[in-house]
**Student:** 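Have a look at this one.
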Amino acid sequence: MKCKDLISIAELTPSDIEEIFSVTRELKEWHSKGYDEKCLSGKTLGMIFEKSSMRTRVSFEVAMVQLGGHPIYLTQNDINLGKRETVKDGARVLSRYVDGIVIRTFSQEVIQELARYATVPVINALSDYLHPCQALSDLYTIQEKFGAYTNIKIVFIGDGNNVARSLAQISAKLGIPFHIASPKGYELTSDFTSQVKQMTDRSDILHLYQDPKEAAENANILYTDTWVSMGQEAEAQIRKQAFKGFQINSDLLKVAKDDVKVMHCLPAHRGEEITDEVIDGQHSIVYDQAENRLHLEKALLKLLLRR
Ligand code: CP
Ligand code: NVA
């Protein structure tokens, strides 16, 4: 993996992604045998979280500890990046103390600026625009469950949001067609879809629908996320209205493959984008998916911080 940071899947090559997956597989296997390579002994990770998190925060902290390193969790109250001091100064000073920075914030541009001025690796732990660690981990999970990607139909039902964008990018990088059904006004934008199309030679990489059932036909993977992302709370009522009908439920499963797998990045809003019956049912792989965040992030930390 040549890049210094992980800001967006757009910056990775297919072989970078394969390398991350291969290290993930190795680390996961060793961990299952009770062994964790202490390759980050003496290294420290700064973790800036300006939004809530359970999976990302805990998996990165545990990943660092399992690899022998030390995580420092920093909230908005601690460093107040961009307000108490500029992003540029924060990047330069943190780089004198820590060996890597994980950041979850609102603006993708802030993450880019932090990476530009930091001399240590910066990892995007979610912005309003992208969620690359989630998408890497999800495609790893798909490969684990199906053994390969060829002829896998991935269908996302819902908002053209950060999670959907990163999934579309990684699908394009790996040459897997990505299908997404969204209500009018909440689709992937045409600017974004043009960028994604340039990431691959395949002409059939993106399929946009307004009808969830049409999209879900013969799906191997049905994926969804919240209708109201962090920062959109004021729009909650309007969004919940717009997304009615874009739910993964047993009716939708009927049009997918018999052995369809259901994914959700979590946290789930049961009864909204997914029903209890489906998330708790035999098709759901959401908890294996969540577990893989840990193994995948260990691989990322090993590849980026050990240099
Ligand atoms: N999927 C995910 O990133 O979860 P958290 O928001 O809890 O970190
Ligand atoms: N789209 C969601 C993902 C949470 C992991 C959000 O941004 O809130």
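One-based numbering, in listed order, for ligands and for the atoms of each.
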**Student:** Return the residue, atom name and 0.1 Å-rounded distance of the protein heavy atom closest to atom 4 (C) of ligand 2.
**Tutor:**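 Atom 4 (C) of ligand 2 sits closest to the protein heavy atom L126 CD1, 3.9 Å.
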**Student:** Numbering the atoms of ligand 2 from 1, which are under 4.0 Å from a heavy atom of N161?
**Tutor:**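 The atoms of ligand 2 under 4.0 Å from a heavy atom of N161 are 1 (N).
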**Student:** Below 4.0 Å from any atom of ligand 2, is there a heavy atom belonging to L266?
**Tutor:**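 Yes; L266 lies near enough to ligand 2 that a heavy-atom distance drops under 4.0 Å.
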**Student:** Side chain or backbone, does R57 bring an N or O within less than 3.5 Å of an N or O on ligand 1?
**Tutor:**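 For ligand 1, there is no N or O atom that lies under 3.5 Å from one belonging to R57.
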**Student:** Please list the nearest protein heavy atom to atom 8 (O) of ligand 2 with its residue and the distance rounded to 0.1 Å.
**Tutor:**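 Here the nearest protein heavy atom works out to M230 N, 2.8 Å.
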**Student:** For ligand 1, which atoms sit closer than 4.0 Å to a heavy atom of M54?
**Tutor:**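 Answer for ligand 1: 5 (P), 7 (O), 8 (O).
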**Student:** Tell me if the CG atom of D258 is crowded by more than 12 foreign heavy atoms within 6.0 Å.
**Tutor:**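 No, the 6.0 Å shell around CG holds no more than 12 heavy atoms from other groups.
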**Student:** Starting from atom 7 (O) of ligand 2, locate the nearest protein heavy atom and write down its residue, its atom name and how far away it is, to 0.1 Å.
**Tutor:**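 Protein heavy atom at minimum distance: N162 ND2, 2.8 Å.
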**Student:** Indicate yes or no: at least one non-hydrogen side-chain atom of M1 is less than 4.5 angstrom from one of L304.
**Tutor:**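 M1 reaches L304 side chain to side chain.
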**Student:** Determine the sole option in E214, H179, E217 for which the side chain to side chain donor-acceptor pair (under 3.5 Å) test with Y209 is passed.
**Tutor:**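 Single side chain to side chain donor-acceptor pair (under 3.5 Å) partner of Y209 among E214, H179, E217: H179.
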**Student:** Below 4.0 angstrom from a heavy atom of R293, which ligand 1 atoms are there? Numbered from 1 as shown, please.
**Tutor:**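 Within the 4.0 Å cut-off of R293, ligand 1 contributes 1 (N), 2 (C), 3 (O).
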**Student:** In sequence, state the C-alpha distance, the side-chain angles, and the governing distance for D280 and R270, and then conclude on salt bridge (Lys or Arg N to Asp or Glu O under 4.0 Å).
**Tutor:** CA-CA 10 Å; D280 296 328; R270 289 163 173 257; 2.8 Å; yes
**Student:** Does M230, backbone or side chain, put an N or O under 3.5 Å from an N or O of ligand 1?
**Tutor:**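 No; the residue has no nitrogen or oxygen that sits under 3.5 Å from a nitrogen or oxygen of the ligand.
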**Student:** Indicate, as side chain, backbone, both or neither, the part of L126 found under 4.0 angstrom from ligand 1 when only non-hydrogen atoms are considered.
**Tutor:**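 Neither part.
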**Student:** Give the residue and atom name of whichever protein heavy atom lies nearest to atom 3 (C) of ligand 2, and the separation in Å to one decimal.
**Tutor:**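 Residue, atom and distance for the closest contact: D225 OD2, 3.6 Å.
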**Student:** Between I285 and M263, is any pair of side-chain heavy atoms under 4.5 Å apart?
**Tutor:**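 Yes, at least one pair of side-chain atoms sits under 4.5 Å.
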**Student:** Less than 4.5 Å apart, side chain to side chain, heavy atoms only: is that true for F21 and L136?
**Tutor:**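 A side-chain contact exists here, since the closest heavy-atom pair is under 4.5 Å.
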**Student:** Considering the heavy atoms of S229, write down every atom of ligand 2 situated less than 4.0 Å from one of them.
**Tutor:**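 Per the distance check, 1 (N), 2 (C), 6 (C), 7 (O), 8 (O).
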**Student:** Taking R25 first and then E29, would you say they form a salt bridge - that is, a charged N and a carboxylate O separated by under 4.0 Å?
**Tutor:**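 A salt bridge is absent here (no side-chain N lies under 4.0 Å from a carboxylate O).
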**Student:** Has R57 got its NZ or CZ under 6.0 Å from the middle of the six-membered ring of Y73, at an angle within 45 degrees of the ring axis?
**Tutor:**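 Positive - R57 is close enough to the ring of Y73 and near enough to its axis.
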**Student:** Under 3.5 Å between some N or O of ligand 1 and some N or O of C265?
**Tutor:**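 Yes, since at least one N or O of C265 sits under 3.5 Å from an N or O of ligand 1.
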**Student:** Heavy atoms only: which of K51, R104, R55, H131 lies closest to atom 6 (O) of ligand 1?
**Tutor:**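 It is R104 whose heavy atom sits nearest to atom 6 (O) of ligand 1.
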**Student:** Do the side chains of R306 and E37 get close enough for a salt bridge, i.e. N-O under 4.0 angstrom?
**Tutor:**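 Salt bridge flag = yes for E37 with R306.
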